[in-house]
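One structure is given here, and the rest of the page talks about it.
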Amino acid sequence: GVAPERDQPCRPPPGWVPAGRVSPEHDVQLTLALRQQGTARLARLVRAVSDPRSPRYGRFLSLEQLRDLVQPSPATLMTVLKWLQGHGVESCSSVATLDFLQCHMPASTAERLLPGAEFHRYLKDQRSVVRSPLPYTIPKDLAEHVDFVGGLHRFPAERNVVSRAWAKEQAEPGQPHGQRAA
Amino acid sequence: FHLGVTPSVIRKRYNMTGGDVGLLPNNSQACAQFLEQYFHQADLAEFMQLFGSSFAHHSKVDQVVGHQGWGKAGLEASLDVEYIMSTGANISTWVFSNAGRHESQEPFLAWLLLLSNMSSLPWVHSVSYGDDEDSLSSAYLQRVNVEFMKAAARGLTVLFASGDDGAGCRRVPGGNHTFRPSFPASSPYVTTVGGTSFKNPFLVTAEVTDYISGGGFSNVFPMPDYQVAAVRSFLRSAAKLPPSSYYNSSGRAYPDLAALSDNYWVVTNRVPLPWVSGTSASTPVVAGMLALVNDRRLQRGQAPLGFVNPALYQLRERGHGEALYDVTQGCHLSCLDGAVQGQGFCAGPAWDPVTGWGTPNFPRLLRALLE
């Protein structure tokens, strides 16, 4: 198979504690980013509608017009749907632009669908996530139809931008809390 | 003098008068953050009671998209809501909340799907989210970038906090250091907001850089046309630059502009808290102002601003240099090593990778963006 995200780190960030592999029937939710069409045209259009010097400045698209521009090709939709159905995946929903699919399935099905992946639970504070510490692959003939699969490797955001800056103040020894303001 | 940043301090510093409030019922703004935090309507009401007496304002978020549980309010969620509604005063406000998400969901990705699935959305989105560019796969980066293009094509203005790590720092194979850009701050299709501090923290004075203000150059996205001239001018005229091996001088440079990011008052769980800082504070402040500009544009029958960067980078050449206060003093942090000794880039005239073009002078910015 092909690894769409070979360069995506799979290690859990600091603080997330492995809590074992989930059971085969455990429900996981995957987000498939389907290959879009018309991205080059989209870039040209964005430039035209965003530049005050352009005659088309402010002529924005509706969601339907955007869909007509970027929606995946029929071949992409057919290939992906056939692949999912081949693995018994039925519970999927799409978005208005048809370029994402969100599917629920048992972990065992997901691991067959995405060879290499293994779904484990990780815990941190009161939070729990299910991720794969191993890279996933997709069949070769799917590579031109799927950008990536979400829900496997990226952990929830840790950046509490506000408190970190504050925490930074806390962490700097010897610096009284208010000194930065002073 | 003042004891920290409140809405009236911000509105005074950026010359917003009592008349600078939203008037249109069909204008709207939104904030999103992905730390599974809740905000409390009661905190917002209390915040406005304490700090909102000098301007007309809503005291309630009109729409919450996603889960709004019953847990404690989070600092970041409270800050986002309270300050976008202070500069985007009297404008209908939405909150995208991902608290209580499915345990195998990616909260930020889920938000992008929502944008692709909702035909009516607020025009302006303030997003407090950032990750290290090098912690994300190139397939993901490229696709998420296309999602921002889609938003821009629909006329949405999407703003991201530039991050609180200054230029950032990481060790590359071989042991050398390099700066560490943040994403989505480094996407060419979002407006990235940096941070400043008052020169005299207890007076409404000129601003200097906030040393935590995120900024730098993308290692993934090339420099977009709209900023080439501004960035080239900086690289040519900067009194002091870090070693060139620390950053990709041909990458998308950010932030685009900035606002105060230091010592905010926030009400959370009924308690007013001081000393809250970060570019998560400056981003909703700028977002609210742009929502107010939209309010005036829509009143005139003009289209909303949409992706605002091309217009922003043309302000000076179109004679609207006064639309932003140029922040020229101070640097932001970076690697603690012998080569750069903890210093990243430094602010300078016009655009710089610490505060962008500077901070909004609202009436002048409004006039420029109504043209």
After noting the C-alpha distance and the side-chain angles of A/D99 and B/R143, does the key distance pass the salt bridge (charged side-chain N to carboxylate O under 4.0 Å, His left out) rule?
CA-CA 11 Å; A/D99 48 4; B/R143 175 53 186 266; 3.7 Å; yes
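In this structure, NZ on B/K150 lies 8.5 Å from CG on A/L63, to the nearest 0.5 angstrom. Atoms CG and CE, on A/L42 and B/M149 in that order, are 5.5 Å from each other to the nearest 0.5 Å. To the nearest 0.5 Å, atom CZ of residue B/F307 and atom CZ of residue A/F60 are 11.0 Å apart. Note: A/Q102 CD to B/N117 CG = 9.0 Å, rounded to the nearest 0.5 Å. The line from CZ of A/F148 to CG of B/L141 is 9.5 Å long, rounded to the nearest 0.5 Å. Annotation: the span from B/E106 atom CD to A/L30 atom CG amounts to 10.0 Å, rounded to 0.5 Å.
At least one test fails for A/R154 against the ring of B/F108: distance under 6.0 Å to the centre or angle within 45° of the axis.
Residues A/P52 and B/A311 share a closest heavy-atom pair of CG-CB, 3.6 Å. The two atoms that bring B/P310 and A/S50 nearest to each other are CB-O, 3.5 Å, heavy atoms only. Nearest heavy atoms, A/P9 versus B/L136: CD-N, 4.4 Å.
Side chain of A/D147 to backbone of B/Y140: no donor-acceptor contact under 3.5 angstrom is found. Listed for the B/S104 side chain is a donor-acceptor partner under 3.5 Å among the backbone atoms of A/Q29. For the pair A/R53 (side chain) and B/Q314 (backbone), a donor-acceptor distance under 3.5 Å is absent. Between the side chain of A/Q8 and the main chain of B/S137, a donor-acceptor pair closer than 3.5 Å is present.
Only the side chain of A/V46 comes within less than 4.5 Å of a heavy atom of chain B; its backbone N, CA, C and O stay farther away. Heavy atoms closer than 4.5 Å to chain B are found in the side chain of A/R47, but not in its backbone. For A/R6, no part sits under 4.5 Å from any heavy atom of chain B, backbone or side chain. Heavy-atom distances place no part of A/F119 under 4.5 Å from chain B, backbone and side chain included. Of the two parts of A/L101, neither the backbone nor the side chain holds a non-hydrogen atom closer than 4.5 Å to a non-hydrogen atom of chain B. Looking at B/P304, the atoms closer than 4.5 Å to chain A (heavy atoms on both sides) sit in the backbone and in the side chain alike. Only the backbone of A/L152 comes within contact range of chain B, with heavy atoms under 4.5 Å apart. The contact between B/L113 and chain A is made by backbone and side chain atoms together, counting heavy-atom distances below 4.5 Å. Residue A/L45 touches chain B through its side chain alone, counting heavy-atom pairs closer than 4.5 Å. Using a 4.5 Å cut-off between heavy atoms, B/Y264 does not touch chain A at all. With a threshold of 4.5 angstrom between heavy atoms, B/E147 approaches chain A through side-chain atoms but not through N, CA, C or O. Only the backbone of A/S94 comes within contact range of chain B, with at least one heavy atom under 4.5 Å from a heavy atom of that chain.
Note on A/A43, A/S54, A/A48, A/G151: by heavy-atom pairs under 4.5 Å with chain B, the leading option is A/G151. The greatest number of non-hydrogen atom pairs below 4.5 Å with chain B, out of A/L98, A/V28, A/L69, A/V49, is found for A/V28. The choice from B/L114, B/V146, B/D134 that makes the most heavy-atom pairs within less than 4.5 Å of chain A is B/V146. Between chain B and the options A/D7, A/T31, A/V70, heavy-atom pairs under 4.5 Å are most frequent for A/D7. Ranked by heavy-atom pairs under 4.5 Å with chain B, the first of A/S62, A/A96, A/P4, A/G150 is A/A96. Comparing B/G306, B/A303, B/S116, B/G155 by how many heavy-atom pairs each has under 4.5 Å with chain A, the most go to B/S116.
In B/M118, the CE atom is crowded: over 12 heavy atoms of neighbouring residues, nucleotides or ligands sit closer than 6.0 Å. Heavy atoms from other residues, nucleotides or ligands lying under 6.0 Å from CD of A/Q126 number 12 at most.
With salt bridges taken as basic N to acidic carboxylate O contacts below 4.0 Å, none links B/E103 and A/R127.
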